[in-house]
Amino acid sequence: DGIASKSDHLQKKAMGSMEGFMKEAAQNLTQREWQMIEIREMTFADTGRNDSKPSSGEFVAWIMLGKDSLRKVQISVPRVVYVSSRQPIQSASSEVEIRKVDKYLPHGKSASHLYEVIMSEYVYRNKDWVAFLKPSSGTTDEKVLLEQIYETGTPLIMRALTELGCVSRLKPAASRKQKSYRLSDLKRVDRPTEGPYLHPSLFYRRAFLYVRINPKTKI
């Protein structure tokens, strides 16, 4: 009986330590600033699936939390384009978000109505998302309705780097427990409160690893 109770005590202690570790890790994600070490597009090497392709909109980020915690997180980056139209438009699908904006257009062009259109990379690449843009009233001919589409060639990594900078943190409204964070869940920290980027008090070591994967053999 004495051996059994001691074993139970150690097991409960181990479980308590693990629960405490997980709770602290979750709190660090929501309360600490994220110092970006690396961000890259997710590949099959991250998911274990051979169908994963670059430019899927899913990114892997290695971040530094506090002084000694290096974490790996997944960030979903949406495709954002700008559409100018002759008449007010709206989205006919929940897969496409749209809002009216005021931006400077290339070559000094002007637009009667300019919209920011947000969708997943999957919808952008695999669906006729332009067909989801419908006039608020009047003509139903999209070719007559739309004038120009901008930033279709902007790489997703560029948008991620611009939005996140080198230090970011979760917005208060972001969910604490989720597998993948949306880019909109994060905000760039222009004035870090936990010290400058990769300041000397951080505890980490640098190592350089070169990895090459054959696209045919996946080795």
Side-chain angles (χ1 to χ4, degrees), residues 29 33-43 46-47 51-63 72-136 141-175 178-190:
L29 275 175
E33 294 173 351
W34 295 16
Q35 299 202 40
M36 297 291 173
I37 306 298
E38 179 195 29
I39 182 168
R40 57 176 172 80
E41 288 181 308
M42 182 175 287
T43 66
D46 300 295
T47 63
D51 60 345
S52 296
K53 298 179 180 179
S55 300
S56 65
E58 297 297 324
F59 285 74
V60 170
W62 284 95
I63 61 174
K72 178 183 178 182
V73 295
Q74 185 175 330
I75 301 174
S76 180
V77 180
R79 172 64 62 173
V80 179
V81 298
Y82 295 89
V83 175
S84 63
S85 65
R86 296 179 177 85
Q87 296 182 14
I89 59 176
Q90 60 187 0
S91 175
S93 171
S94 60
E95 294 181 306
V96 176
E97 300 178 28
I98 182 174
R99 68 185 184 97
K100 195 168 185 179
V101 294
D102 185 15
K103 300 279 187 180
Y104 289 104
L105 297 178
H107 310 295
K109 290 185 177 180
S110 60
S112 301
H113 304 278
L114 183 65
Y115 294 89
E116 182 181 70
V117 182
I118 305 173
M119 71 203 86
S120 70
E121 186 68 4
Y122 174 81
V123 170
Y124 177 74
R125 291 182 175 274
N126 297 282
K127 296 188 178 183
D128 184 12
W129 59 270
V130 174
F132 295 147
L133 305 180
K134 301 295 184 181
S136 299
D141 189 344
E142 286 83 4
K143 294 182 180 179
V144 176
L145 179 68
L146 303 183
E147 292 181 315
Q148 188 71 42
I149 302 176
Y150 301 93
E151 295 198 10
T152 56
T154 302
L156 293 182
I157 185 64
M158 179 65 70
R159 185 166 301 280
L161 293 174
T162 303
E163 294 284 337
L164 298 175
C166 57
V167 181
S168 301
R169 72 179 309 147
L170 280 176
K171 295 178 181 178
S175 176
Q178 54 188 31
K179 181 180 179 182
S180 176
Y181 293 96
R182 296 174 301 175
L183 187 63
S184 58
D185 291 332
L186 296 154
K187 63 178 181 180
R188 188 176 62 197
V189 178
D190 294 322

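Computed from a predicted model, the values in this text were never measured in an experiment. Index from 1, following the sequence.
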Original post:
So, Y124 side chain and T152 main chain: donor-acceptor pair closer than 3.5 Å or not?
Top reply: yes
**OP:** Quickly, which of I149, I98, L145 forms a side chain to side chain contact (heavy atoms under 4.5 Å, CB included) with L133? Name it, please.
**Re:** I98
Subject >> Chi angles and distances behind the side-chain contact (heavy atoms from CB on, under 4.5 Å) call for L29, I63 >> reply: CA-CA 10 Å; L29 275 175; I63 61 174; 4.0 Å; yes
**OP:** Verify whether one side chain among Q148 and S84 offers a donor that lies under 3.5 Å from an acceptor in the other.
**Re:** no
Original post:
Do we see a donor-acceptor contact under 3.5 Å between the side chains of E116 and Y82?
Top reply: yes
**OP:** To the nearest 0.5 Å, tell me how far Q74 CD sits from F59 CZ.
**Re:** 11.0 Å
**OP:** Spell out, as yes or no, whether a donor-acceptor pair under 3.5 Å connects the side chain of R159 to the backbone of P78.
**Re:** no
**OP:** For S91 and V96, indicate whether the former's side chain and the latter's backbone hold a donor-acceptor pair under 3.5 Å.
**Re:** yes
Original post:
When the aromatic ring centroids of W34 and Y181 are compared, is their separation below 6.0 Å?
Top reply: yes
Original post:
Can you list the steps and then say if Y122 with S56 is a side-chain contact (heavy atoms from CB on, under 4.5 Å)?
Top reply: CA-CA 7 Å; Y122 174 81; S56 65; over 6 Å; no
**OP:** Start with the C-alpha distance between E97 and R99, add both sets of side-chain angles, then the distance that settles salt bridge (Lys or Arg N to Asp or Glu O under 4.0 Å), and finish with yes or no.
**Re:** CA-CA 7 Å; E97 300 178 28; R99 68 185 184 97; over 6 Å; no
Subject >> Presence of salt bridge, E163 and R188, under 4.0 angstrom >> reply: no
Original post:
Does the side chain of L164 reach to within under 4.5 Å of the side chain of I75, using non-hydrogen atoms?
Top reply: yes
Subject >> Criterion side-chain contact (heavy atoms from CB on, under 4.5 Å) on L146 and V130, from CA distance to verdict >> reply: CA-CA 9 Å; L146 303 183; V130 174; 3.5 Å; yes
**OP:** Check the pair K134, I89 against side-chain contact (heavy atoms from CB on, under 4.5 Å), reporting the backbone distance first and the verdict last.
**Re:** CA-CA 5 Å; K134 301 295 184 181; I89 59 176; over 6 Å; no
